[in-house]
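Sequence lines set the chain letters: A, B, ... in the order given, protein chains first and strands last, and positions in each chain run from 1. Worth saying up front: this structure is predicted, and the values here are computed from it rather than measured. Note: hydrogens, waters and symmetry copies are ignored here, and every other heavy atom, side chains too, is used.
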There are 2 protein chains.
Amino acid sequence: MLSERLANVWAMTTTSPQGRTELLRPDGSPVRVLVVDDEQSITELLSMALRYEGWQIRSAGDGTGAVQTARDFRPDAVVLDMMLPDMDGLAVLGRLRRDLPDVPVLFLTAKDAVEDRIAGLTAGGDDYVTKPFSLEEVVARLRGLIRRSGAADRRSDSTLVVGDLTLDEDSHEVSRAGDNIHLTATEFELLRFLMRNPRRVLSKAQILDRVWSYDFGGQANVVELYISYLRRKIDAGREPMIHTRRGAGYLIKPAAS
Amino acid sequence: MLSERLANVWAMTTTSPQGRTELLRPDGSPVRVLVVDDEQSITELLSMALRYEGWQIRSAGDGTGAVQTARDFRPDAVVLDMMLPDMDGLAVLGRLRRDLPDVPVLFLTAKDAVEDRIAGLTAGGDDYVTKPFSLEEVVARLRGLIRRSGAADRRSDSTLVVGDLTLDEDSHEVSRAGDNIHLTATEFELLRFLMRNPRRVLSKAQILDRVWSYDFGGQANVVELYISYLRRKIDAGREPMIHTRRGAGYLIKPAAS
DNA sequence: CGGGAACCTGTGAATTACCTGAGAAACGCA
DNA sequence: TGCGTTTCTCAGGTAATTCACAGGTTCCCG
């Protein structure tokens with residue numbers, strides 16, 4: 001099942017990104033991210049999704065490898081599983097920080113281990129997501145970390161705009177033509193995904209893979225359902241921006257055109 | 001006129017693209033802080049949190065190292081644990097002052113330590129916090145020290161304003177639309193954290209990590225509880241300013257909008 | 001015009017996230 | 001020491017959210 005997902009994500013990576021805003025370092029070179037997890041399916045999933053962002057990815061399966069790779073790869077951000085075979089996530093963090101004192105870290109943790117282990121981790125500006133995560137969530141958090149760390153161009157701001165529709169990633173506010181629109185968490189993530197890929201058809205499989213967590217086992221028509229929710233809130237009584245391409249997927253584009 | 005101020009005012013504030021206010025030195029370079037503690041977890045925690053403020057951090061694990069580092073790092077402020085393996089905090093202070101007579105020092109002390117010793121020291125303009133501290137507390141105290149150390153006639157920008165809500169970091173006074181509001185210490189710190197990040201969603205984990213002390217092991221719903229207290233005092237009978245983003249966190253913003 | 005595939009959406013149940021009252025414990029201060 | 005204040009736990013209540021299911025609609029094709 002996970003390999004099906006990989007196939008979908010892979011399909012996306014082979015399509016050339018068009019008109020997407022990319023995060024770049026000040027010198028114009030791509031952002032570098034190190035992914036550390038002992039499950040190979042996870043590192044592969046993440047690597048492909050993050051490469052799609054235009055980032056350069058290196059991965060490691062344990063703490064030792066992570067520290068070694070970090071030394072010469074010099075990543076701008078690290079995705080780090082807290083549960084590694086050879087050392088504790090915190091130990092890895094300590095060693096990473098010795099070489100790269102300013103690198104922001106996105107922790108991956110099990111849902112139930114959050115309370116005690118995470119305390120203090122987000123303190124420095126780091127962040128975490130719980131497993132199982134959605135790829136959109138990981139990407140969004142990473143973008144936030146990189147943007148705030150100063151490794152990337154600071155011109156990039158936190159607002160997505162498509163036509164008269166705006167979505168602010170910091171305040172989680174959405175408005176169309178000035179009217180504020182309240183969205184639930186899932187609706188917000190779905191809309192963010194659409195808006196980050198304007199004028200591009202996204203298949204239901206792709207949407208499911210990026211917006212829902214990787215272990216989601218439900219009916220594929222949740223996507224239809226949530227598209228329907230979004231339309232009710234965003235397109236209601238207006239020129240529609242969310243369009244169905246029968247047999248292909250959905251896309252968002254400015255109302256005028 | 002502005003350059004006059006820059007010349008006279010030792011430290012000034014600017015606003016970063018993310019809307020956070022940063023302390024900068026007159027020449028625009030980042031503030032430098034030296035962190036001295038023998039527990040590596042503490043220096044790491046503080047380093048990360050202070051770097052996030054945009055400051056340049058160097059750390060040392062003992063008195064000797066501190067004095068050496070201070071000599072060529074020339075910090076604008078020092079965070080100094082009173083309990084060091086090789087020498088007493090007072091001895092370190094003496095030697096630091098030989099090289100940097102005006103540098104303000106923030107002492108870290110155990111809760112039960114004799115406080116009269118500290119009391120004498122802080123008369124000179126230094127300050128202290130007790131372990132275990134909260135990061136917001138340390139950051140706020142440091143900002144105060146740095147701000148005060150430089151200028152006799154520095155502009156008093158110790159007030160945070162969001163809409164008709166104001167919070168004075170020096171006097172700890174809070175008022176909304178002119179009405180004074182009494183807050184407890186924890187409520188004050190939580191509100192300060194929210195107000196220093198207006199219009200930005202802060203997760204419960206982030207809040208817990210910055211507002212509560214680093215050894216807090218309790219339930220995450222204290223955050224909900226204190227948000228509820230704040231609402232009762234700040235939003236009571238008015239247009240609410242504190243908003244819940246279900247599944248994401250909380251944020252504060254001006255009532256109008 | 002009929003039938004099937006793809007898509008849309010109303011209904012409702014289960015779950016989750018959040019809010020808040022009550023009271024215990026710890027703290028601070030005289 | 002004793003009293004008021006503050007912090008925090010616990011637990012019940014409530015409302016928002018997610019999702020399955022199923023019947024309806026639209027579109028495409030012959």
task = Nearest 0.5 Å please: distance from the OG1 atom of B:Thr43 over to the CG atom of B:Asp37.
result = 6.5 Å
task = Give the rounded distance in Å between these two atoms: CD1 of B:Ile242 and P of C:dC18.
result = 15 Å
query = Any side-chain N or O of B:Trp212 under 4.0 Å from OP1/OP2 of D:dT7?
reply = no
ask   = Which residues in residues 184-193 of chain B have at least one heavy atom lying under 4.0 Å from any atom of DNA chain D?
value = B:Thr184, B:Ala185, B:Thr186
Main-chain N/O of A:Met241 paired to A:Asp235 side chain as donor or acceptor, under 3.5 Å = yes
query = Can we call the ring centroids of B:Phe193 and B:Trp212 under 6.0 Å apart?
reply = no
query = Separation of A:Gln219 atom CD from D:dA20 atom C1', in whole Å?
reply = 7 Å
query = Hey, does the side chain of B:His243 come within less than 4.0 Å of C:dC18's phosphate (OP1/OP2), counting only N and O?
reply = no
task = For side-chain hydrogen bond (donor to acceptor under 3.5 Å, both in side chains), just list the numbers for A:Ser175 and A:Thr166, CA-CA rounded to whole Å, side-chain angles, deciding distance to a tenth of an Å, and then say yes or no.
result = CA-CA 5 Å; A:Ser175 69; A:Thr166 68; 3.0 Å; yes
inquiry  = Just by distance, no angles: are the side chains of B:Thr244 and B:Arg231 close enough, under 3.5 Å, to form a donor-acceptor pair?
reply    = yes
inquiry  = Between A:Arg176 and A:Ile234 (side chain of the first, backbone of the second, donor and acceptor by atom type, cut-off under 3.5 Å), is there such a pair?
reply    = yes
ask   = Does the B:Ser228 side chain pair with the main chain of B:Glu224, one donor and one acceptor, at a distance under 3.5 Å?
value = no
task = Take the protein atom CG of B:Leu202 and the nucleotide atom P of C:dC18, then report the distance between them rounded to whole Å.
result = 14 Å
query = Can the ring centroids of B:Phe188 and B:His172 be said to lie less than 6.0 angstrom from one another?
reply = yes
task = Report the residue (B:Val222 or A:Val222) whose heavy-atom-nearest nucleotide on DNA chain D is the more 5′ of the two.
result = B:Val222
ask   = Could you give the distance from CG (A:Leu46) to CD1 (A:Ile57), rounded to the nearest 0.5 Å?
value = 8.5 Å
Whole angstrom value for the distance that separates P of C:dC18 from CG of B:Leu208 = 13 Å
Within the sub-3.5 Å range, which N or O atoms of nucleotides 5-9 of chain C have a protein N or O partner, and how far apart are they?
unit_1 : atom_1 : unit_2   : atom_2 : d
C:dA6  : N3     : A:Arg246 : NH2    : 3.0
C:dC7  : OP1    : A:Gly247 : N      : 2.8
C:dC7  : OP2    : A:Lys204 : NZ     : 2.6
C:dC8  : OP1    : A:Arg231 : NH1    : 2.7
C:dC8  : OP1    : A:Thr244 : OG1    : 2.6
C:dC8  : OP2    : A:Tyr250 : OH     : 2.5
C:dT9  : O4     : A:Asn221 : ND2    : 3.4

task = To the nearest Å, give me how far apart CZ (B:Phe216) and C1' (D:dC8) are.
result = 7 Å
ask   = Considering the terminal five base pairs at each end of the helix from C:dC1-D:dG30 to C:dA30-D:dT1, what angle separates the two local helix axes, rounded to 10°?
value = 30°
query = Can you find a donor-acceptor N/O pair under 3.5 angstrom joining the side chain of B:Tyr229 to the base of C:dC19?
reply = no
inquiry  = Just by distance, no angles: are the side chains of B:Ser134 and B:Glu189 close enough, under 3.5 Å, to form a donor-acceptor pair?
reply    = yes
task = Drop me the distance from B:Ser203's OG to B:Leu251's CG, to the nearest 0.5 angstrom.
result = 12.5 Å
